[in-house]
Amino acid sequence: MTPFDYQRAADAAGAVAAGVRGGAKYLGGGTNLVDLMRETIERPDCLVDVSCLSGGIDETPDGGLQIGAGVTNAAVAADRRVRERYPLLAQAILSGASAQIRNMATVGGNILQRTRCGYFYDDAARCNKRRPGDGCDAVDGFNRNHAILGASPACVATHPSDMCVALAALDAMVTVEGPAGPRQVPLIGLHRLPGDTPQIETVLEPGALITAVTLPPNGISARSRYRKVRDRSSYAFALVSVAAGLEMEGDTVKDVRLALGGVAHKPWRALAAEAALRGRLLTDAALQGAAEAELSPARGLRDNVFKIDLARRVIVDSLSSLAQAREIVR
Amino acid sequence: MSLVQDTLQAVMKKAIALAPDGFIPGGHPDPLIHHKHGLIGAPVSRIDGPLKVSGKAAFAAEFPVDGMAYAALKYSSIPRGRIAELDTRAAEAAPGVVLVMTHKNAPRLQPMPPFMSQPKAAGGDDVPVMQDDQVHWNGQPVALVLAETQEQADHARSLIRVAYEAGHGVTALAEAKANGSEPGLFQGEPLKLDLNDAEDKLAAAPHKVDVRYTTPRHSHNPIELHAATVYWEGDALRVHDATQAVDHAAWTLAQVFGLREEQVHVTSPYVGGGFGSKTLWQHQILAAAASRLAGRPVRIMLSREGVYRIVGGRTITEQRVAIGAQDDGTFDALIHTGTVAMTPHNNMPEPFILPARSAYASRSFLLDVETVKLNMVANTFMRAPGESVGTFGLECAVDELAHAMNIDPIELRIRNEPEKDPTTGLPFSSRLIVEAWRRGAERFGWSKRGAPGARREGEWLVGLGCATATYPYYRMPGGAARITLTRDGRATISISAHEMGMGTSTAQTQVAAERLGLTMEQVTFAYGDNTLPGVVLAGGSQQTAAIGAAVSAAQRQLFETLLQLAGNDSPLAGLKPDEVGGSDGGLGKLDEPQIFESYASILQRAQRESVTAEAEAPPPLELQHWSMHSHGAMFCEVRVSTVTGEVRVNRFLGVFDCGRIINAKTARSQFRGGIVMGLGLALMEETQFDERSGRIMNPSLAEYHVPVHLDVPEIDAIWLDEPDPHTPMGARGVGEIGITGVGAAVANAVFNATGKRVRDLPITLDKLL
Ligand SMILES: Cc1cc2nc3c(=O)[nH]c(=O)nc-3n(C[C@H](O)[C@H](O)[C@H](O)COP(=O)(O)OP(=O)(O)OC[C@H]3O[C@@H](n4cnc5c(N)ncnc54)[C@H](O)[C@@H]3O)c2cc1C
């Protein structure tokens, strides 16, 4: 680990003032950043601790919830309002990492956690994220956990978060405090696809601080489910995960939300599949067609071709079992 | 070896095989076998448990020494070539740095004699340890930093810059195979066995399977990282090590540093898991070298990544299993051959054919392990080396044949139960696998097993599978023990054995207390120190027997001395050591226990404070006189998702025939632990070795998956508890057998659930979509 300064921010403005300085990084629970510092993949010269800022979960005027960026993953998943109104989010969080890590991890840090690509983690390998222009050893290497959608020759890494997949499905908005003042960014627009610049992972400017995530009310929570697929039953990243929610009017789809994890450089909102279903009768053929609409651009790599079929299966199964399930009244 | 020696050895072997039982160790059953209601077998909790849970048990990296410096290693990033430039200036200038050691300034050292090359050799490889600019594998240590704190050492390490001149490393299996293979030699003997033209018999057999299986690399992940605290006292080297071989480590270090063995003192009171990995690797040597260079005590603790880079694991295997059978299911031919990867700098040909030597009767055999060479970290022993992956191929093939012939797989196994060892012709010392099958089938509900793919519960297909577990009884030469008995009726057993968390010290305290007629509180078991008597490796599941034989010899010696001291005034006058036993704090005549004198009384009359006896265990000739193996009937129920292909294990049963069980609690933990490790082998463990660079790409527990709690169902482990009449205490060792057979039991259950054969481990979900 490279030596660094540590400071605890008193408020968001103070944090941003310290955070915009080059070389500074925000510290949430440290479960990702400190690991990367130990490997000297990240070498900030100053850590601005923001884990004590923005700690609450509050009602919004329109009946949604605003979750502070410093709230721990464990606290979000345990919150009664979250469990009742956004069970998808609680399920997604609880499927991730371990209880110990969730106790430390914060909402802000979870959103900005970095990929688990083995070649990103190993300084001896080539990686365009670590050294732009270096090349990517993952494209032809171990890439079972890697992207099938939206990848580029420069980078095939995935964003590993479960929480963000649920947030993507729930139309979450992210509040960002920056040098130029606060702004709102939709979660599904926050992370970027790799393109030629995989080192630039989000649309946030340097020094931007995430202060909150806002969840609007929705009609899908009664029929929603997060399903994470992996070889090991727990404490493993998703090979594929699906956050799915349905609102039905008779046999017709009134609203549908579908987001995929483990498949792309960002939490993947399956807009094409949703469009193919909204307002339609929920037949098996419609489901297959919707999955196809989303996955036809998918491309497999040496170790992960199976994920295309797997994603299709989980999309179809999740939505059809949600359709069959009686509304879960909480 | 010369022809004369060869012939002599063959003659000796034959003579030992044919000798009357009474001439052989174990020829007269250990009297302890008849102790039915004492401490033996009792579920005694580990005596070191309270120390461990309260943090008071000191492990290798927990010995404080004044003036200690901390070490960090820099690893190579190419598989083969030379170090062209090594810039250590920034590291040397970093805060707290004591020194940076590289091949340029390291003391001159001899390479480690590798394991099995000499009786006490413990080296993982025989590569020169930081002596030149040559790189032999990706991950080899190229520099060591010593600093005042671990953090300073780690930081300075990151400032070292190395430039390499890449050579040609062989890192792809296909290239290694194209370079040609050599037959595997294990413990000095060829693994190849060719009996009665198996290929011809296979070709002619009316029923057959001929299938290929593969198993991947596995990395060692004991919970305690490899570590040592080392310092020099003049020319003597003191090592607090985490090792399963104190004597081997000391002897090997002596060779490396040009010392006499007595100048090296290695202790290892607690080891947080070994599994075959806690032997001598470069870190202890580098720490000792750096300590000499700096004139300071050194602590080295590998990072988890460090363990993956410099401690070898289980190598990759490619196996062919072919079985030819008659209509009645009896085997005409059993062929188990294949290829394993090794390195140019070690000799550990993962001997996966070992189970096939004795598991089944067959009219012919062809067994062979071919080795090819890769530039990688030297592969090594890992829990049941050979058997764990060998039983995967063998026991899946038996299941495949049973299915093809429409015979129940248990029935097929029973039909091929040999009367004597099918490849050596030796009688079995004790073999109760058929009984284990019957008990297990009943207990597990085997009769409810349906046709493949027939049982569905919601989205899950459910299936049952079984496999034979097997592991040999070993006892290595060199055992010796000392017993000191004091007038207050306390005894200390001293032997250079090991406690790696499996409960050795507890079980051996039980045994010694039972032998001497003392309570456990009156017995101290001293171990983990190379200055104690004997050479007892904690490996091959042989410690229990090795300690047992040594302590039993010392006990006989002790009784002889005690009877002499007792003299003519004792009620015991005139009795021989074999006629007395320890009971109630003294000696009593075996068949007339009222003829008795307490130890205190004997010592008092002889005016002695204490009496000490030391003896060597007899050479392990029993291994050449009987075929000695433990067995287990393994049963598994899995469910497989029809949506995702995910495999989850519902329940597992192992019924073990391991001779007498010494401690029901610690033995059950060994069985269960082995099965858990087997579930990892079956379903998820795989070292990602990048064939382009020879680099391990998942050197962490986040990415290298071992089972978590949720993967482990209820595991039922029971045993027959029938003593082996020819082993010390009637026991055969329980440390490794639990992992054997598990891979096949899971794979066979997956087949029963889905109708799909997965022949390449691990059974990940993509193989079942
Ligand atoms: C072994 C292991 C297994 C895991 N398994 C899973 C899993 O299965 N599923 C899953 O989803 N996750 C998993 N995780 C990842 C875990 O969820 C993340 O490490 C965690 O969410 C990161 O949160 P943190 O607060 O600790 O972030 P930190 O490590 O503190 O920070 C991460 C990044 O976010 C930045 N940051 C933090 N807070 C803010 C803020 N408010 N504004 C702007 N930037 C900020 C930091 O500068 C840093 O770049 C696993 C992690 C480990 C170590």
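The figures that follow rest on heavy atoms only: side chains count, while hydrogens, waters and symmetry mates do not. Lettering of chains follows the sequences in order, A, B, ..., and the numbering in each one begins at 1.
Neither the backbone nor the side chain of A:D35 comes within contact range of chain B; no heavy atom of the residue lies under 4.5 Å from a heavy atom of that chain. Heavy-atom distances place both the backbone and the side chain of A:T2 under 4.5 Å from chain B. B:D766 touches chain A through backbone and side chain together, each having a heavy atom under 4.5 Å away. If you measure heavy-atom distances from B:T642 to chain A, the contacts under 4.5 Å come from the backbone alone. Using a 4.5 Å cut-off between heavy atoms, B:E691 makes no contact with chain A at all. Proximity to chain B (any heavy atom under 4.5 Å) is shown, for A:R38, by neither the backbone nor the side chain. Both the backbone and the side chain of A:D140 come within contact range of chain B, with heavy atoms under 4.5 Å apart. Contact of B:S158 with chain A is made through the side chain alone, with heavy-atom distances under 4.5 Å. Contact annotation for B:M684: only side-chain heavy atoms (C-beta onward) come within less than 4.5 Å of a heavy atom of chain A. For A:Y119, the parts sitting under 4.5 Å from any heavy atom of chain B are the backbone and the side chain alike. Within the 4.5 angstrom heavy-atom criterion, no atom of B:Q152 approaches chain A.
Between the side chain of A:D309 and the backbone N or O of A:F306, no donor-acceptor pair lies under 3.5 Å.
Residues satisfying the ring-ring contact (aromatic ring centres under 6.0 Å, His included) criterion with B:F751, sequence neighbours excluded, are B:H403.
A salt bridge links A:R116 and B:E703; the closest N-O separation between the charged side-chain nitrogens and carboxylate oxygens is under 4.0 Å. Between A:D231 and A:R144, at least one side-chain N (NZ, or NE/NH1/NH2) sits under 4.0 Å from a carboxylate O, which counts as a salt bridge.
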Result block: side-chain N/O donor-acceptor pairs under 3.5 angstrom for residues 163-170 of chain B, not counting sequence neighbours:
| unit_1 | atom_1 | unit_2 | atom_2 | d |
| --- | --- | --- | --- | --- |
| B:Y164 | OH | B:S77 | N | 3.4 |
| B:E165 | OE1 | B:R82 | NH1 | 3.0 |
| B:H168 | NE2 | B:E175 | OE2 | 2.6 |

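Heavy atoms only, all atoms of each residue included: A:R257 and A:A169 are closest at NH1-O, 2.8 Å.
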